[in-house]
Amino acid sequence: ISTMGRGNERVTTILIYGYSTLIVDLLIRLWTEEGKGKTPTFRVMVVDSGPLHEGQKTLDVLQKEASTLQCVHVPINAVSVIMRHVHVVLLGAHGVLVNGAVIARVGA
């Protein structure tokens, strides 16, 4: 992930939607491994929408487990504005069908 930045940018921006334990655990692990004597190389934008507002849960967990990780809360209607700053989009899968198709959250 740290090598995915565009051009001369030193920090990769990762966009995630809602809450996924797999993605949150991955980001925490990456942050703690990269934090060992190195300059942080990524930041996270958490997209959130109602009615569950699971993005807030993601922010709470990331701020508790990786307190120095730069996280930004973004409402779903602002995604079109911030996408030009995003390098990687990670979506959690909520199910995998027998034929290999992946089911994501509604709206994803």
Side-chain angles (χ1 to χ4, degrees):
I1 288 180
S2 62
T3 61
M4 293 183 176
R6 293 183 192 148
N8 295 329
E9 294 181 37
R10 294 184 180 154
V11 178
T12 301
T13 301
I14 301 170
L15 182 134
I16 60 176
Y17 175 64
Y19 181 78
S20 166
T21 54
L22 178 67
I23 292 175
V24 169
D25 290 346
L26 171 72
L27 292 174
I28 291 169
R29 178 175 287 174
L30 284 171
W31 186 254
T32 55
E33 288 178 6
E34 287 194 0
K36 295 177 182 172
K38 295 183 180 179
T39 304
T41 57
F42 69 94
R43 61 181 168 224
V44 178
M45 291 186 172
V46 181
V47 177
D48 202 2
S49 65
L52 299 178
H53 298 285
E54 291 180 338
Q56 187 60 49
K57 180 180 179 182
T58 300
L59 283 172
D60 293 342
V61 172
L62 288 176
Q63 289 174 352
K64 179 182 176 189
E65 300 294 327
S67 59
T68 58
L69 175 60
Q70 181 183 357
C71 298
V72 178
H73 185 257
V74 180
I76 189 106
N77 57 348
V79 170
S80 62
V81 176
I82 60 146
M83 279 306 290
R84 62 188 166 117
H85 302 291
V86 173
H87 304 110
V88 179
V89 176
L90 299 176
L91 293 173
H94 285 270
V96 180
L97 302 178
V98 175
N99 65 359
V102 177
I103 300 172
R105 298 191 52 79
V106 174

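Since the model is a prediction, treat every value here as computed from it, not as a measurement. What's counted below: heavy atoms across the whole structure, side chains too, no hydrogens, waters or symmetry copies.
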Any residue meeting side-chain contact (heavy atoms from CB on, under 4.5 Å) with [X], in chain and number order, not counting sequence neighbours:
X	value
Leu22	Ser20
Gln70	Arg43
Val72	Met45, Val74
Asn77	Pro75

How long is the span from the [atom1] atom in [X] to the [atom2] atom in [Y], to the nearest 0.5 Å?
X	Y	atom1	atom2	answer
Tyr19	Asp60	OH	CG	10.0 Å
Cys71	Leu59	SG	CG	6.0 Å
Thr13	Arg84	OG1	CZ	12.0 Å
Leu27	Ile16	CG	CD1	5.5 Å
Leu90	Leu15	CG	CG	8.5 Å
Ile103	Leu97	CD1	CG	4.0 Å

Which heavy atom of [X] sits nearest to which heavy atom of [Y], and what is that distance?
X	Y	answer
Val46	Gly18	CG1-O, 4.3 Å
Ile23	Gly92	CD1-N, 3.3 Å
Phe42	Trp31	O-CZ3, 3.5 Å

Val88 with Ile28, same ILVMFWY side-chain cluster at under 4.5 Å: yes
Polar side-chain atom of Ser67 near backbone of Gln63 as donor-acceptor pair, under 3.5 Å: no
Check: His87 side chain, Thr12 main-chain N or O, donor-acceptor pair, under 3.5 Å: no
Contacts of His73 that satisfy side chain to side chain donor-acceptor pair (under 3.5 Å) - sequence neighbours left out: Asp48
Which residues share a side chain to side chain donor-acceptor pair (under 3.5 Å) with Asp25, sequence neighbours left out: none
Contact check, side chains of Met83 and Val89, non-hydrogen atoms, under 4.5 Å: yes
